[in-house]
Amino acid sequence: MSVKVRFAPSPTGPLHIGGVRTALYNYLFAKKMEGTFILRIEDTDQSRYVEGAEKYIEESLAWLGITFDEGPHVGGVNRPYRQSERKALYKEYALQLVENGKAYYAFDTAEELDAMRKELEAAKVDNPSYNAVTRMKMKNTFTLGRDEADRRVSAGEPHVIRLNVPLKEELRFKDLIRDNIVVHSSTIDDKVLLKADGMPTYHLANIVDDHEMGITHVIRGEEWLPSAPLHILLYKAFGWEHPQFAHLPLLLKPEGSGKLSKRDGLLGDFPVFPMEWKDPQSGEVSRGFKEDGYLPEAVVNFLALLGWNPGTEQELFSMEDLIEAFSLDRINKSGARFDIQKAKWFNQHYVKALPNEVLVELVEKEVGETKLAEQLVQLMKERVTFVREIVSEVPYLFQEPELYDEAVASKKWDDLAKKAMPIVIELLQTVETFNTENVHKAIWEGLPSHEIKPGKVMQALRLSVTGIGNGPDLMLILEILGKDEVIKRIKKALETLGA
Ligand code: GLU
């Protein structure tokens, strides 16, 4: 049987980076197995629906190169792919369970439910819930009788449909990552499957769709592990075989314990969302990896290794490499520490690996047209983590220095430098074609005849031209600035720092 997996986000806001990783692992597994990957939008909870969230999910994943074979935006044989458009289906299935006694009607009002909970709490019941014991004191098919329950439903009385969870049953299943899971049914309450407004709850819709769509593997975040036994129970109630489950380890805070949250991003000054998101209600803006300057290749590589390992020392993986190497049995059980330094390291690598013409385009976008783009790229490519730094790290290429680094000046602007700089000016004046090679030659051949070792005054020269003591290749900087500008700057330094 061919593999079919799905990514099933709820459009309740921007997709968290952990959700992106879930989508990525599903994608890699589908591609590796030559299977099908579905996007399903789980939007049954209308109260949590957020305008724009679905579009955000699609755009973010498309940016990263995570594509779907089926989904609301691409169509497919299992359409529709939004649960809100599949409403009738869930009701049918819920009624099927009522019919065979695996689910039942309940008519309790919010006040009655509240009163029950308070009573149970007062009696110090550990886990107050609507279950096989407590249901017998409530208003439902069990206490009213089937005929009366049916009559009330026909009369239009508000009601929900609840799962009839057996009191004593051991639920076992094997998770592909966490191995054998055993849960006792007494820990599960009689979950609502169909709400009073006729909408399904997450659990019902999720199981019905995974079944209807022929999902073979459910790969999702660990936060859904507690729901899995209930889902197994639902599959049993329907008499369906359940898909295989793989619950992915949590993404942990940079410190290494606790779940990574939006707050951690604020505290640590890094994004936890793939793209920028503006909350339509509050207007609050959350930063994204994309806008922060991360390349999609870097984000994919970074996320792939947050919870999965190739079993070798290899760290750099293109999407193709990942598809080739990926397997579910190399997903780690323990949480993965979110280390933004690692993401930066990957970005640095992928920026360096970009062809020059692509980088030139990106730099031009960054600063508007600049004739310097090509030279900037050549100068900075090896030294930056983000494309924008190709420009921002070398402000002196655009503007002469106003200030000179004092620490460098006090050490390097010495008598030798003061003697050498006027000579350097003279030497540079003789250079016709002002390029790295000729400039280097003029200085290195010219200074020794004045008993000056060029190496001794290079930092002073750099200081006079850039205002600071370090940076990329000085000869290249001189070439980019051009003869007149360089000479002008050395003169200014002599005036300001002393001759
Ligand atoms: N709608 C759920 C979510 O938002 C899907 C969980 C699952 O994959 O089963 O994560």
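Bear in mind that the values here come from a model prediction, so they are computed numbers and not experimental data. Reckoned from all heavy atoms, side chains included, excluding hydrogens, waters and symmetry mates.
Scored by the side-chain contact (heavy atoms from CB on, under 4.5 Å) test, S10 finds T12, E42 as partners (sequence neighbours excluded). With sequence neighbours left out, K168 forms a side-chain contact (heavy atoms from CB on, under 4.5 Å) with H184. For F238, the ring-ring contact (aromatic ring centres under 6.0 Å, His included) criterion is met by Y93, W240, not counting sequence neighbours. Contacts of W345 classified as ring-ring contact (aromatic ring centres under 6.0 Å, His included), with partners at least two apart in sequence or in another chain: none. For E357, the side-chain contact (heavy atoms from CB on, under 4.5 Å) test picks out P355, with sequence neighbours left out. Residues that satisfy the salt bridge (Lys or Arg N to Asp or Glu O under 4.0 Å) test with R178, not counting sequence neighbours, are E222. For R337, the salt bridge (Lys or Arg N to Asp or Glu O under 4.0 Å) partners at least two apart in sequence or on another chain are D339. Residues satisfying the salt bridge (Lys or Arg N to Asp or Glu O under 4.0 Å) criterion with D175, sequence neighbours excluded, are absent altogether. Every salt bridge (Lys or Arg N to Asp or Glu O under 4.0 Å) that E157 has, sequence neighbours left out, goes to R152.
Side-chain atoms of T36 and D69 form no donor-acceptor pair, as typed in the model, at a separation below 3.5 Å.
In this pair, F245 and H247 present their aromatic rings parallel. The plane angle is below 30°, not in the 30 to 60° band.
Annotation: ring-ring contact (aromatic ring centres under 6.0 Å, His included) contacts involving residues 8-43, sequence neighbours excluded, comprise Y25-F326, F29-H217, F37-F68. Every pair passing salt bridge (Lys or Arg N to Asp or Glu O under 4.0 Å) that includes a residue from residues 244-254 is listed here, sequence neighbours excluded: K253-D264. Among pairs with a residue in residues 298-323, those fulfilling salt bridge (Lys or Arg N to Asp or Glu O under 4.0 Å) read E315-K342, at least two apart in sequence or across chains.
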